[in-house]
Amino acid sequence: MLEHGVDIVLAGSIAVVAWRVLLEPQLFRSMVLFIAMGLMLSLAWVRLAAPDIALAEAAIGAGLTGILLIRAAQTEAAQEAAAAAREAATSGWRRWFPGAGRIVSAAAALAFAAVLLVAVIDLPGEPIGLTEAAATEMEASGVEHPVTSVLLNFRAYDTWLEVGVLLLAAMGVLAIHRTYNLRSTRSEEHTMLVLTWLARIILPLAVLIAGYLYWSGTHQPGGAFQAGAILAAALVLMQLAGFRGVSGLSTLWLGAGLMLSFAAFLAVGFIGTFEGEFLRYRHATGELIILALELTIVVSTAVTLAALFAGAGSQSGDDSDAVRARTPPESL
Amino acid sequence: MSSPFEWLIFLPFAGGVITFLLPGKSRPWLALLLTVGTFAAAWWLASDVWREGPQGYALGGWEAPLGINLYADGLSALLLLTTSAVMTLASFYSLGYFSREAEASSWTEARAFVPLWLFLLGSLNALFVSRDLFNLYVALELLTIAGVALVALAGGATALRAGMRYLLAAFLASLLYLMGVALLYGEFGVLDLALIAEAAEGGTRAPVIALAFVFLGLGIKAALFPFHAWLPHAHASAPAPVSAVLSALVVKAAFYVILRLWVDVFADSVTAPAAQAAGALGAAGILWGSFQALREQRLKLVVAHSTVAQVGYLFLLFPLLTGVGEGAWRFDAWAGGVYHMMSHAFAKGALFLAAGTILYAYGNDQISAMRGLTRTLPITTVSFGIAGIALVGLPPSGSFIAKWMLLTATIESAQWWWAVVIGAGTLLSGAYVYRLVSAAFTPDTLPESIRPVPRVMEYASLILALTSLGLGLRAAEPFDLLEVGAPFSMIVAGVGT
Amino acid sequence: MTPAEVIAAAFAVTGGIFYLAGTVGILRFPDVQSRLHAVTKADNLGLGFLAVGLAVLAGTAEVAAKLLFIWFLALAGSATACQLIANASVDDDVTEREQADA
């Protein structure tokens, strides 16, 4: 009974906060509410007994996404765009229908939710899927946790390509800045001593926790992506506290950090073809290979997410010439 | 590495890693080498398919349903060949487009361009050989992000805004597709397409809502009217080789997934009204895209709107498949659509490359500024004309055969109204192509300064244009290949052809 | 209820009261600084009581130590956040005053 009560309050709060995120006219407040919503969602995942998703949601969904949004909104370009949007919302035909866009989106979202509800109710009552098959074959995969064995062995190909998605996002940010490292990005002009102090405490702890999550992924919920996200959060904190973080890395080191995991999967895949198929590592060395691949995921995820943050803070687009001028074309 | 599947995935992605990490001026050449290598791998796979029938591959040695399996039949093989052929020629083009003689900035662009370009090639390959619902999602994501980054490479506010719009539309589409995939997994408990097809056979388990999500998401990515608004500016403001590949291949990739799911997996679940609706949206796209192409003042925008129209033809094949009775026309409709995909890929690639050459030389792409093109850029004018022929669907182009087959199918399946749409679309495309060509042939005083154009750019578009023509002259082999593992047969027993 | 549970419940309820007070403070106090005052002090104490209460129930010293460590981390985090917010609010006040003067 009490548990139901907690769930109902939680679900209700998520809906209310989501509603507030959408209706809040001030961009900054809306983003803060969005972060709060992320934390509540993460609690919801805990209640659904999915601690690994809860971790990812807290670290990426709430933390990093939130700070990315805030950081991007601080740029002049974003503020100009916001002003233009406000202007557009109060001129022309929209003047006569204030909030028409929101009403339409709200109606669309509600309709979508209703349809989704029908679809979910329609699903077969008995949970079907590959859970059993994964459990049967787990022994051959080299790890003792079904999620990890699916991610890093049975469907390692998907994981590899997902790592590629992350990598491409970072490459896209670099391409927009027309540069190969983040040295030209904005660093904090004035930071407070207390933040530096906190960063000094948090960084070693973050490394410890990331290491724990990485290691525990082989036999219980946890895993490399979550560990990477936590490390990334620490890197972001460092940057906010005035340290250079990833924006201090040279082109080669930044590139290596971003590429490490994708390249490692590629190499493992290649070696696998001598035994049989691409990405084959079924026996004996399976566990070692999985641990090594996960370690590369930790590093690359951390560097990539931190690079996205560093990249989001600098101006781009119209004044890209300025960035270009700072980056000699032949330097590497 | 004894299977062509391995090379198709390994080569471009390895190239992406190497060209991103290693310094050096040879990057564009390496990219070219790897696209040629990928073409060879596609050829290898196609010849295997041709000789032995559809090919499969179990990644990591894990068979479906647990693992991810790759698969290639004639359709996949043809599209892989098209992909690597178009990208090879566009890579040649980019050697000139980002040449060192050009200003320093474009050389910098080339260095960001090459790795993204190879990632795009890799993700296209991954998509065309995938046989797994979730893996298709991942491939689509890779494709989208690589595409957006390549659009943003053009720099400037317009390209960034267009890229952002593309990103938002594509993400919305991805989420819809992913939602559908989650529901389908809940329904069938497997992700392998062949296994889902088995379970869905007979249509007793037709998860309508999940399919609606999947097809809606893919429709947005394929720029089906009315979800096309993101396309024209994204395709028009990208660097020329990127525009070519986005229009020629990336949009088609999303359509390919629709085609696979609709025809091979959920054939018994999709209904005739849904097929008619898809056809109606396609028809609206043909008319609307052509109409917009007629009105635009900028060359690249005309070509981009024409993509909206040409994608519309592809959706006509769905209603044509639903006709009553037996007959070879089902194959005509299906293969006609696929052939149109291919032919349009080459023609649109050629057009965008030619448009990029004009932009490169003249500094702008206003149609009114194109006068005197026959004298300044004769080869580009010729490729423009040939690609125009293929776009309209005049003989002897591949599009002519494709449209002929679609028309045959409309008559034989007794759905004459689609023939009217095809006719109207052809006339409209004739009009906008005529508008461009006549501008090119208008003699006029030449502009005072024209930036010299590297020869390789002009010839790359010419070869692409000639290929789209060649597809009409030599169609027997492609169709034989296409029939391998096809859901329909060229010759139907008992009907005779 | 075992004695341990009684003690734990007492600590938890005390913690809850502090939380409640802090929340009332956020809602009722007039400006940023005084709200901060309420929320950081009261919530830190609230969390401390809660952690002690749970530590009593923890069973092993290891878990109890972890709980107390969590409390310490939260203290560090909220102290820093409090400083930053207070600083930002002072900056804002200065700009507002400057704008008012101009």
Side-chain angles (χ1 to χ4, degrees), chain A residues 115-116 118-120 122-124 127-130 133-134 137 150 153-158 161-162 164-165 167-169 171-176 178-180 251-252 255-256 258-259 262-263 266 269-270 272-282 316-318 320-321 324 327 329-330 332, chain B residues 1-3 5-6 9-10 13-14 17 20-21 23 57-62 65-68 104-105 107-109 111-113 115-116 119 122-123 126 132 134-135 138-139 141-142 145-146 148-150 152-153 155-157 160 163 179 183 185-191 207 209-210 212-213:
Chain A
V115 170
L116 196 59
V118 173
V120 170
D122 239 24
L123 285 177
I128 49 168
L130 300 170
E137 293 281 357
V150 169
N153 201 334
F154 306 141
R155 296 183 70 92
Y157 177 62
D158 270 348
L161 294 185
E162 283 288 6
V165 170
L167 168 66
L168 274 179
M171 283 168 71
V173 167
L174 292 175
I176 287 169
R178 292 157 187 253
T179 165
Y180 285 88
T251 301
L252 195 63
L258 295 175
M259 279 287 173
F262 190 82
L266 195 68
F270 181 75
T273 60
F274 293 106
E275 266 185 70
E277 294 84 1
F278 198 72
L279 284 171
R280 184 187 186 103
Y281 44 93
R282 291 181 72 146
S316 63
D318 285 338
S320 56
D321 288 320
R324 209 184 296 170
T327 321
E330 291 297 327
L332 196 84
Chain B
M1 299 283 277
S2 55
S3 159
F5 284 109
E6 292 160 358
I9 303 296
F10 180 80
F13 284 132
V17 171
F20 185 74
L21 284 183
Y57 188 87
L59 282 155
W62 299 107
L66 202 52
I68 301 170
S105 67
W107 183 239
T108 326
E109 272 166 34
R111 296 178 24 164
F113 164 80
L116 288 170
F119 268 98
S123 41
D132 184 284
F134 183 77
N135 183 245
V138 183
E141 280 297 89
L142 267 179
I145 301 193
V148 170
L150 283 166
L153 211 58
L160 283 183
M179 190 73 83
L183 289 171
Y185 179 69
E187 181 72 36
F188 296 108
V190 283
L191 290 164
I209 295 173
F213 283 158

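Each chain gets a letter, A, B and so on, in the order its sequence line appears, and its residues count up from 1. Small disclaimer: the values here were computed from a predicted structure and weren't measured. All values below were derived from every heavy atom in this structure, side-chain atoms included, with hydrogens, water molecules and symmetry-related copies excluded.
Nearest approach of B:L21 to A:A256, heavy atoms of both residues: CD2-N, 3.7 Å. Nearest heavy-atom pair across B:V138 and A:V165 is O-CG2, 4.3 Å. Scanning all heavy atoms of the two residues, the minimum distance from B:G186 to A:L123 falls at C-CD2, 3.7 Å. The minimum heavy-atom distance linking A:E277 with B:E6 is given by the pair CA-OE2, 4.3 Å. Heavy atoms only, all atoms of each residue included: A:G255 and B:F20 are closest at CA-CE2, 3.7 Å. The two atoms that bring A:A169 and B:I145 nearest to each other are N-CG2, 3.9 Å, heavy atoms only.
Ranked by heavy-atom pairs shorter than 4.5 Å toward chain A, the options B:G189, B:A212, B:G122 are led by B:G189. Chain A forms more heavy-atom pairs under 4.5 Å with one residue of B:A152, B:S2, B:A139, B:P65 than with any other, namely B:P65. Contact count against chain A (heavy-atom pairs under 4.5 Å) is highest for B:L142 among B:L150, B:L142, B:V17.
Taking CZ of A:R155 as the start and CG of B:L66 as the end, the distance is 9.0 Å to the nearest 0.5 Å. Here CD1 of B:I209 is found 8.0 Å from CG of A:L116. Values are rounded to the nearest 0.5 Å. Taken to the nearest 0.5 Å, the CG atom of A:N153 stands 11.5 Å off from the CG atom of B:L59.
The contact between B:A126 and chain A is made by backbone and side chain atoms together, counting heavy-atom distances below 4.5 Å. Heavy atoms of B:P115 lying under 4.5 Å from chain A belong to its backbone as well as its side chain. With a 4.5 angstrom heavy-atom cutoff, B:A210 does not touch chain A via any of its atoms. Residue contact with chain B, scored on non-hydrogen atoms closer than 4.5 Å, is absent for A:A156.
Between B:N135 and A:L161, the closest side-chain pair of non-hydrogen atoms falls below 4.5 Å. Looking only at side-chain heavy atoms (C-beta outward), A:F278 and B:F5 stay at 4.5 Å or farther from each other. Side-chain contact between B:I9 and A:Y157: present, with at least one pair of heavy atoms (C-beta onward) separated by less than 4.5 Å.
Taking B:F13 as the reference, A:W160, A:F262, B:F119 meet the ring pair (Phe, Tyr, Trp, His ring centres under 6.0 Å) condition, with sequence neighbours excluded. Remark: B:A149 engages B:L116 in a side-chain contact (heavy atoms from CB on, under 4.5 Å) (not counting sequence neighbours).
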